[in-house]
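To start, the structure under review is shown below, and the notes come after it.
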Amino acid sequence: MKNEISIADLYKIQPIGREITISGWVRTFRSNRFIALNDGSTAANFQCVVDFEKFEDSLLKRITTGSCVRVKGIVTKSLGKGQPIELQVQTIEILGDSDAEKYPLQPKKHSLEFLREIAHLRPRTTTFGAIFRIRHHLAFAIHEYFNKNGFFYIHSPIITASDAEGAGEMFNVSVLDKRNIPLTENGEVDYSKDFFGKEANLTVSGQLEAELLAMGLGKVYTFGPTFRAENSNTARHLAEFWMIEPEMAFYELKDNMDLAEDFLKYIIKYALTHAADDLAILDQRLAEEEKSKPADQRSMPLLEKLKFVTENAFQRITYTEAIDILLQSPYHKKKKFQFPVEWGIDLQSEHERYLVEKHFNSPVIITDYPAAIKAFYMRLNDDGKTVRAMDILVPGIGEIVGGSQREERYDVLLSKIRQFGISEESLWWYLDTRRFGTCPHSGFGLGFERLVQFVTGMSNIRDVIPFPRTPGNCEF
RNA sequence: UCCUCCUUAGCUCAGUUGGUUAGAGCACCUGACUGUUAAUCAGGGGGUCCCAGGUUCAAGCCCUGGAGGGGGAGCCA
């Protein structure tokens, strides 16, 4: 291990009187005496005190915002009020200069839009440092939760040849010469000449493969990248995002809901205990932003919201009950909804918002949707018109989890596949699991970036992934 | 993809009814000061007013087209 202490450990240990060496990036250099140094290990800067009479001017001039330095000195109690300890600097080594005139980050508040354009430098800001550390803690908590609860982490393929998931437009994977594409007699692209001998795409979901693993290993989960070529331009869509998909044999819909709720509470609690400093920074940031909004549009403070979610039961209602609530609502009676409400519709954003933010003011699990608006693999209820689906909606984000009990009955599944116009030949392997030792099973998908959004309070999904991929944007 | 708003200095923004040499704060540079907390004070440099056309004696401002970005919607996680 490297024999240098991190700023995070420094604040933990507070080794007053000891000689230490630290490296980091300069945030500001005040009064030709105080370096605010950050090494990314924690949000807090560490104050390094320079006796400028003991150093060459030419060296001091190179200590600029953005430059990288290594300093050695003695830790002392701080004379100033902003920090408990500081470093009395003995030696300074400039590891990397940074021309202050050209370095885009200044010791001041920058807009998120501007920082998005310099995504290669934004990890050096307080806000993005906090976001990416929290992102790590959430990912870690997810693995920890599943590991503790007997789940196996499996890797579903990134490249798939099935286009049957029905989860949107896909990115084609091909090595064919684009200037000379082989065609069949019908004038279509001849994928038999392509790398895999058939058309291949980037995965839009690992669910079907996860089901195969669950029906052998019992409880499994995936956590990997997912790709959608939809032309979606919103604050909650990415072309490349990360998804968590647990899949459990012998779980019915209620077990699935119980798991999803327990799981979400666990990882949010984990963040509250392991990323308290970073969450406090984002809590303040959000509070500042909310100040500029009219009072009735302000959302709950971030930390309060997260505690509320971990301490209160999620509301559980069926789709049919949700429609009733909407029909009874003052919003509907005053005709404030832009889209009509009736049984059978797909709930619009405004409807979900009303239920989550106005009616319940809490996370809501909606179950038993009409079969026609949900995927083919969801288990048909005895009423013949609804399926055992469940969506978890949270304030500010909307749908964060989508899941269901899967259709385990071969005949029902086959007729659904035909009904949906999906080629049953391409899903022979999926159908096989229902022919040989089928069992009730369930699972759900959690959009990781939406979870990070919820926990950090960031309103744009492009600000919770280091290098966002969206239509027309693949920089860095 | 649709609706809507925006684009002026490195950043955040002002710019009146179309009228002389386009401004401010921060950042940067120079100097002063030196236990500061986005240090302070004085001075200085810095502009393809998003791009291409058009109207006009005159366009940052008006018109047409385009590009980029924000917010909302759809699709969804």
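Here is the naming used below: chain letters follow the sequence lines, and residue numbers restart at 1 for every chain.
For the C1' atoms, the distance from B:rG66 to B:rA24 is 32 Å, rounded to whole Å. B:rU8 and B:rG70: their P atoms are spaced 14 Å apart (whole Å). One P atom belongs to B:rA42, the other to B:rA27, and the distance between them is 13 Å to the nearest Å. When the C1' atom is used for both B:rC51 and B:rA67, the distance is 7 Å, rounded to whole Å. Of the P atoms belonging to B:rG47 and B:rG23, the separation is 13 Å, rounded to the nearest Å. Using atom C1' as the reference point in both B:rG15 and B:rG25, the two lie 15 Å apart (nearest Å). B:rA39 sits 49 Å from B:rC76 when the P atoms are compared, rounded to a whole Å. Between the P atoms of B:rC6 and B:rA14, the separation comes to 11 Å (whole Å).
Closest of all the heavy-atom pairs between A:Pro468 and A:Leu238 is CB-CD2, 3.8 Å.
Counting only heavy atoms from C-beta outward, the side chains of A:Tyr251 and A:Leu259 approach each other to under 4.5 Å. In this structure, the side chains of A:Arg30 and A:Gln47 come closer than 4.5 Å at one or more pairs of heavy atoms. With contacts defined as side-chain heavy-atom distances shorter than 4.5 Å, the pair A:Phe55/A:Val89 qualifies. Within the 4.5 Å cutoff, side-chain heavy atoms of A:Thr126 are placed close to those of A:Ile281.
The CD1 atom of A:Ile461 sits 17 Å away from the C1' atom of B:rG72 (whole-angstrom rounding). Whole-Å rounding puts the A:His110 NE2 to B:rC13 P distance at 12 Å. Between the P atom of B:rG70 and the CG atom of A:Leu112 lies a distance of 11 Å, rounded to the nearest Å. We find that CD1 of A:Ile345 is positioned 11 Å from P of B:rG74, with the value rounded to whole Å. Remark: P of B:rC76 and CG of A:Asn233 are 16 Å apart, rounded to the nearest angstrom. Regarding A:Gln338, its CD atom lies at a distance of 13 Å from the C1' atom of B:rU4, rounded to whole Å. Between the CZ atom of A:Arg236 and the C1' atom of B:rC75 there is a distance of 10 Å, rounded to whole Å. Atom NZ in A:Lys102 sits about 14 Å away from atom C1' in B:rC29, given to the nearest Å.
A:Ser232 has no side-chain polar atom (N or O) that falls below the 4.0 Å cut-off from OP1 or OP2 of B:rC76. One finds no side-chain N or O of A:Gln348 lying less than 4.0 angstrom from the OP1 or OP2 phosphate oxygen of B:rA73.
Among the atoms of the strands shown, only primed sugar atoms or phosphate atoms (P, OP1, OP2) are found under 4.0 Å from some heavy atom of A:Arg116. Within the 4.0 angstrom heavy-atom criterion, base atoms lie near A:Leu238. Within the nucleic acid shown, A:Glu113 comes within 4.0 Å of sugar-phosphate atoms alone, with no base atom in reach, counting heavy atoms only. No engagement by A:Thr226 is indicated, since no non-hydrogen atom pair under 4.0 Å with the nucleic acid exists. Among the heavy atoms of the strands lying under 4.0 Å from A:Asn460 are primed sugar atoms or P, OP1, OP2 only; no base atom is included. Using a 4.0 Å heavy-atom criterion, one finds that A:His237 contacts the bases of the nucleic acid, with or without backbone contacts as well.
For A:Lys416 and A:Phe376, the positive end is not near the middle of the six-membered ring at less than 6.0 Å and at most 45° from its axis. A:Phe454 carries A:Lys305 over the face of its six-membered ring, with the cationic atom under 6.0 Å from the centre and within 45° of the normal.
Residue order along RNA chain B, read from the 5' end via each residue's closest nucleotide, puts A:Glu117 first among A:Ala239 and A:Glu117. Residues A:Asn473 and A:Phe241 each lie close to RNA chain B; by heavy-atom proximity, the contact nearer the 5' end of the strand is made by A:Asn473.
Proximity of the aromatic rings of A:Tyr221 and A:His143 is defined here by a centroid distance below 6.0 angstrom, and this criterion is met.
Under the 3.5 Å distance criterion, the side-chain polar atoms of A:Arg124 are left unmatched by any main-chain donor or acceptor of A:Gly129. No donor-acceptor distance shorter than 3.5 angstrom exists from the side chain of A:Tyr11 to the backbone of A:Ile85, with no hydrogens or angles considered. A:Arg469 places a side-chain N or O within donor-acceptor distance of the main-chain N or O of A:Glu475, the cut-off being under 3.5 Å.
Of the candidates B:rC28, B:rG74, B:rC11, the closest approach to any side-chain atom of A:Gln106 belongs to B:rC11. Among the nucleotides B:rA73, B:rC76, B:rU30, the one closest to the side chain of A:Asp346 is B:rC76.
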Handout entry: Where protein sits on nucleotides 32-43 of chain B, one letter per nucleotide: B base, S sugar-phosphate only, - none, heavy atoms under 4.0 Å
Key = --BBBBBB----

Exercise for the section: Report the secondary structure of RNA chain B in dot-bracket form, marking unpaired bases with a dot and bases paired to a different strand with |, and treating Watson-Crick or G-U pairs with both distances under 3.5 Å as paired. Expected result: (((((((..((((.....[...)))).(((((.......))))).....(((((..]....))))))))))))....

